[in-house]
Amino acid sequence: LWPWLLASSGLSALVQLVTLPFFPDSPSYLLIQKGNEEACRKAIRKLWGEGDHQAEIDDIMKEKGAMASTKTLRVLEVIKERSLRWQLYILVIVMTTLQLCGINAIYFYSFEVFHTAKFEEYLIPYVSLGVGLCECLSSILCSTLIDRFGRKVLLWGGYLLMCSVLALLTTTLSLQHRFFWMHYFSVILIFLFVVFFGIGP
C-alpha cells in the first residue's frame, strides 16, 4: 500500500502539468515584468470577466512604481543593514525554532510509541497515516484561524501548547511501564502535538 500512497502524489503533479498551459499568465507579471499592458488587460478579463478593471491596473502600476524605487539588497547587505536587523533576528528565531520544535522526533518515535501501546502490527501504518492527516487538517484549520487571531498569537499559542504536550509526553513515556493506560495517553499526546504544530508553527 505504501508504494501506491507515495505514487499518488505524482497524480496531483500530473494534473497540474496537464492543466497549467490553459491558465492565463499573472496580470501583475505581464505588466510589471513584461511591460505588456494589453496582455495584462486580456489576462484580467479572462480571470475576472468583462468590465472596467482600470482600478486593478492602477494598483499594479503603483506596485511597479514601488518596486522600482526599492533597492535590491544582497545577502551580506541585508545582514549589515541596521534597519532590517530586528526583522532578520525574528526570521532566524522563527526558522530555528521550527526546525528544533520536536516534530521530526515525534514522527521518528511515533512508530515505537504505537508499538508499545499494543497496537496490532498491521494497524500501526494506518495510525501513522492518521497522524499525517491530522497535520494536514490542522494546517487547513490554521488558514481560517490566522485571520481571526493573527500569526503572532498562533505562534506563541502553538509553541506553548507544544511545550506542554512534550512535557506530558516525557512523563507518560517514563511511567508507561508502571501504568498500562499510559501507552494510550502517549498516543493521544502525539496526535495533540501534531495538531498544535499544524495550527501554530
Side-chain angles (χ1 to χ4, degrees), residues 1-13 73 75-76 78-201:
L1 184 62
W2 282 110
W4 288 103
L5 287 172
L6 287 172
S8 65
S9 61
L11 183 63
S12 61
L73 299 175
V75 176
L76 286 176
V78 170
I79 294 170
K80 292 175 182 177
E81 182 64 42
R82 283 187 173 273
S83 62
L84 300 175
R85 195 70 50 86
W86 276 109
Q87 292 92 322
L88 188 62
Y89 288 156
I90 290 168
L91 181 66
V92 168
I93 289 168
V94 168
M95 295 311 297
T96 303
T97 52
L98 186 63
Q99 293 302 315
L100 301 176
C101 69
I103 188 68
N104 293 326
I106 289 291
Y107 277 123
F108 186 77
Y109 288 109
S110 61
F111 185 89
E112 186 179 330
V113 173
F114 297 150
H115 190 268
T116 310
K118 302 293 189 292
F119 278 99
E120 296 289 339
E121 198 74 30
Y122 72 93
L123 284 176
I124 292 177
Y126 296 102
V127 179
S128 299
L129 188 63
V131 172
L133 187 61
C134 267
E135 184 179 351
C136 181
L137 293 174
S138 59
S139 299
I140 294 169
L141 178 63
C142 175
S143 64
T144 61
L145 294 175
I146 197 166
D147 290 330
R148 181 176 295 180
F149 299 106
R151 186 69 180 153
K152 189 175 180 180
V153 173
L154 290 182
L155 274 173
W156 276 104
Y159 279 124
L160 185 64
L161 290 169
M162 286 164 63
C163 285
S164 304
V165 169
L166 282 179
L168 286 171
L169 186 60
T170 303
T171 306
T172 57
L173 290 175
S174 301
L175 298 174
Q176 65 184 357
H177 299 296
R178 294 187 183 182
F179 308 100
F180 74 93
W181 50 269
M182 280 291 181
H183 305 303
Y184 304 106
F185 197 45
S186 299
V187 172
I188 293 168
L189 288 173
I190 285 175
F191 275 90
L192 283 176
F193 183 88
V194 170
V195 168
F196 294 146
F197 173 78
I199 292 174

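By convention here, the first residue in the shown sequence is residue 1.
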Does OH belonging to Tyr109 count more than 12 external heavy atoms closer than 6.0 Å? no
Report the relative orientation of the aromatic rings in Trp86 and Tyr89; use parallel for angles under 30°, tilted for 30 to 60°, perpendicular for over 60°. perpendicular
Indicate yes or no: at least one non-hydrogen side-chain atom of Phe111 is less than 4.5 angstrom from one of Val127. no
If you round to the nearest 0.5 Å, how far is CG of Leu173 from NE2 of His183? 10.0 Å
For Tyr107 and Gly132 the tightest heavy-atom approach is OH-CA, 4.0 Å
Which residues share a side-chain contact (heavy atoms from CB on, under 4.5 Å) with Thr172, sequence neighbours left out: Leu169, Met182, Phe185, Ser186, Leu189
Nearest 0.5 Å, what's the CG-CD1 distance between Leu129 and Ile124? 13.5 Å
Does Ile106 form a side chain to side chain contact (heavy atoms under 4.5 Å, CB included) with Leu166? I'd like the steps, not just the answer. CA-CA 9 Å; Ile106 289 291; Leu166 282 179; 4.1 Å; yes
Flag the pair Ser138 / Phe197 as yes when at least one side-chain heavy-atom distance between them is below 4.5 Å, and no otherwise. no
Contact between Phe196 and Leu192 at the side-chain level, heavy atoms closer than 4.5 Å - yes or no? yes
How close do Val92 and Thr96 get, counting heavy atoms only, and between which atoms? O-OG1, 2.6 Å
Closest approach of Cys142 to Arg151 (non-hydrogen atoms, all atoms of both residues): SG-NH1, 4.3 Å
For Val78, is there any backbone N or O sitting under 3.5 Å from a side-chain donor or acceptor partner on Arg85? no
To the nearest 0.5 Å, tell me how far Ser139 OG sits from Leu137 CG. 8.5 Å
Pick out which of Leu141, Leu154, Ile199 makes a side-chain contact (heavy atoms from CB on, under 4.5 Å) with Ile146. Leu154
Any chance CD of Glu112 has more than 12 other-residue heavy atoms, nucleotides or ligands included, within less than 6.0 Å? no
For the CD1 atom of Ile93 and the CG atom of Leu88, what is their distance to the nearest 0.5 Å? 10.0 Å
Can you tell me how far apart CG (Leu155) and CZ (Phe149) are? Round to the nearest 0.5 Å. 14.0 Å
Taken to the nearest 0.5 Å, the spacing of Leu84 CG from Leu91 CG works out to 11.0 Å
With Thr171, which residues qualify under side-chain contact (heavy atoms from CB on, under 4.5 Å), at least two apart? Leu175
Non-hydrogen atoms of Phe193 and Cys101 that approach each other most closely: CZ-O, 3.5 Å
